[in-house]
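Worksheet: the structure to be examined is printed underneath.
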Amino acid sequence: ILITFWDVIPVEDIRILLNCIVTEHSSDASSSAVRAAAVHSITALLEAPQSHAVLRALLPSVGNLIHDKVERVRLAVVNMLLRIKSISGIKYYHVVPVDHLIARLAEEGSQPRNPHGPVPSALTQLMLNSYFPQGQKVSGADQIKRTLAFLSQSPDAASVFYCNVADHLSVNSVSKLAAMLLRCLSAAVETDKARSSEIETAGRKRRRSSFQ
């Protein structure tokens, strides 16, 4: 109803309805179905461009449900973020901070949760541009840099993320990244061997000089 008649409903009435959805229904501790429905309602309202100015301030309260104990509520939030990602005037990471998204990704991969479940898969799709960017202007070196930074920042979250990238990208793209990572690993091993050899050689020279 709000989407269809937004322009003819008084602004104050709209605010009252939205506050009811956000402050009451999305935090209904007695029913996960109600919480999920509240998130779905907000996502549907985002289809109306005129709603964005009003919803922008309310969205972070809904985003807190990213850590809900029920999977379907968490999935509804991630799907909402995916919709927000396509809206130029709202940033999804202003609704749910990146550190919370990473923490959620890591948690989804822990037992007994499934790292290939719908929530981690949707989170991977949401964060693809950040940790596995694509396009002609993106170099392999940049992809490696992003990957290594993610692995350093949060190994658990990165593990879940890269477990799911094949669901959203071509086999060719994933294979290229795997090949680049193997080459980097091989180069790092060779560098480490050379450094160890230099240290060992220097040690032998010092021992010889001490006996002279």
Side-chain angles (χ1 to χ4, degrees), residues 1-110 112-131 154 156-157 160-161 163-165 167-168:
I1 295 175
L2 277 178
I3 296 175
T4 305
F5 299 104
W6 187 279
D7 292 329
V8 298
I9 299 176
V11 175
E12 187 56 34
D13 291 341
I14 290 175
R15 291 185 184 278
I16 291 172
L17 287 170
L18 291 178
N19 279 325
C20 182
I21 294 173
V22 173
T23 62
E24 294 182 26
H25 299 312
S26 69
S27 59
D28 188 336
S30 66
S31 175
S32 62
V34 172
R35 297 196 300 276
V39 180
H40 290 314
S41 298
I42 295 298
T43 305
L45 285 172
L46 288 168
E47 298 299 327
Q50 60 269 42
S51 72
H52 298 171
V54 180
L55 287 174
R56 188 177 290 109
L58 299 173
L59 288 171
S61 296
V62 182
N64 290 333
L65 292 173
I66 190 73
H67 299 300
D68 195 278
K69 62 182 180 180
V70 178
E71 183 181 61
R72 64 173 169 178
V73 179
R74 299 195 302 274
L75 182 59
V77 174
V78 181
N79 286 332
M80 180 187 72
L81 295 177
L82 284 167
R83 178 66 187 92
I84 291 171
K85 188 178 180 180
S86 66
I87 298 172
S88 60
I90 308 175
K91 304 300 183 183
Y92 73 87
Y93 45 81
H94 290 164
V95 178
V96 179
V98 173
D99 57 337
H100 281 257
L101 294 173
I102 291 175
R104 181 73 259 153
L105 198 57
E107 179 63 22
E108 291 292 333
S110 65
R113 294 193 171 98
N114 178 11
H116 295 284
V119 175
S121 180
L123 281 169
T124 298
Q125 182 182 357
L126 179 70
M127 303 169 75
L128 269 178
N129 292 346
S130 298
Y131 298 109
S154 177
D156 292 339
V160 177
F161 177 87
C163 276
N164 287 280
V165 292
D167 294 337
H168 307 286

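The basis for the numbers below is simple: all heavy atoms, side chains too, and nothing from hydrogens, waters or symmetry mates.
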Pair Thr124-Tyr131, side-chain contact (heavy atoms from CB on, under 4.5 Å): steps then yes or no: CA-CA 9 Å; Thr124 298; Tyr131 298 109; over 6 Å; no
His94 and Ile84: CA distance, side-chain angles, deciding distance, side-chain contact (heavy atoms from CB on, under 4.5 Å) verdict: CA-CA 10 Å; His94 290 164; Ile84 291 171; over 6 Å; no
Verdict with reasoning, Ile90 to Lys85, per side-chain contact (heavy atoms from CB on, under 4.5 Å): CA-CA 7 Å; Ile90 308 175; Lys85 188 178 180 180; over 6 Å; no
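Under the rule for a salt bridge (Lys or Arg N to Asp or Glu O under 4.0 Å), the partners of Arg83 that lie at least two apart in sequence or sit in another chain are Glu47. Asp28 pairs by the side chain to side chain donor-acceptor pair (under 3.5 Å) definition with Ser30, not counting sequence neighbours. Applying the side chain to side chain donor-acceptor pair (under 3.5 Å) test to Thr43 and every residue at least two apart in sequence or in another chain returns nothing. Under the side chain to side chain donor-acceptor pair (under 3.5 Å) criterion, His168 pairs with Ser121, sequence neighbours left out. Residues meeting the side-chain contact (heavy atoms from CB on, under 4.5 Å) test with Ala157, sequence neighbours left out: Ile102, Leu105, Ala106, Phe150, Ser154. Residues satisfying the side-chain contact (heavy atoms from CB on, under 4.5 Å) criterion with Val70, sequence neighbours excluded, are Ser32, Arg35, Asp68, Arg72, Val73. Evaluation of the side chain to side chain donor-acceptor pair (under 3.5 Å) rule for Glu12 yields no partner, not counting sequence neighbours. For Glu71, the side-chain contact (heavy atoms from CB on, under 4.5 Å) partners at least two apart in sequence or on another chain are Arg74, Pro118, Val119.
Sorted by first and then second residue, the salt bridge (Lys or Arg N to Asp or Glu O under 4.0 Å) pairs involving residues 88-99 (not counting sequence neighbours) form an empty list. Within the structure, salt bridge (Lys or Arg N to Asp or Glu O under 4.0 Å) pairs that include any residue of residues 49-66 do not occur (at least two apart or interchain). The ring-ring contact (aromatic ring centres under 6.0 Å, His included) contacts involving residues 47-90 comprise His67-His100, where partners must be two or more places apart or lie in separate chains. The ring-ring contact (aromatic ring centres under 6.0 Å, His included) contacts involving residues 12-46 comprise nothing, where partners must be two or more places apart or lie in separate chains.
Formation of a donor-acceptor pair under 3.5 Å by the Asn164 side chain with backbone atoms of Pro115 is found in this model. At distances below 3.5 Å, not a single donor-acceptor pair connects side-chain atoms of Asp13 with backbone N or O atoms of Ile9.
Taken from CG in Leu128 to CG in Leu123, the straight-line distance is 11.0 Å, to the nearest 0.5 Å. With rounding to the nearest 0.5 angstrom, the CD1 atom of Ile21 is 12.0 Å from the OG atom of Ser27. Rounded to the nearest 0.5 Å, atoms CG (Asp167) and NE2 (His116) are 8.0 Å apart. The line from CG of Leu65 to CE of Met80 is 8.0 Å long, rounded to the nearest 0.5 Å. Distance CD1/Ile42 to OG/Ser26: 7.5 Å, rounded to 0.5 Å. Note that CG of Leu46 and OG of Ser86 are 8.5 Å apart. Values are rounded to the nearest 0.5 Å.
Looking at heavy atoms from C-beta onward, Leu126 lies out of side-chain contact with Tyr93 at the 4.5 angstrom threshold.
Between Leu18 and Leu58, the closest heavy-atom pair is CB-CD1, 3.8 Å. Nearest heavy atom pair, residue Arg104 against residue Ile66, reads CD-O, 2.9 Å. In plain terms, the two heavy atoms of Ala122 and Val78 that are nearest each other are CB-CG1, 3.4 Å. Of all non-hydrogen atoms in Tyr92 and Ser130, the two that sit nearest each other are OH-OG, 3.9 Å.
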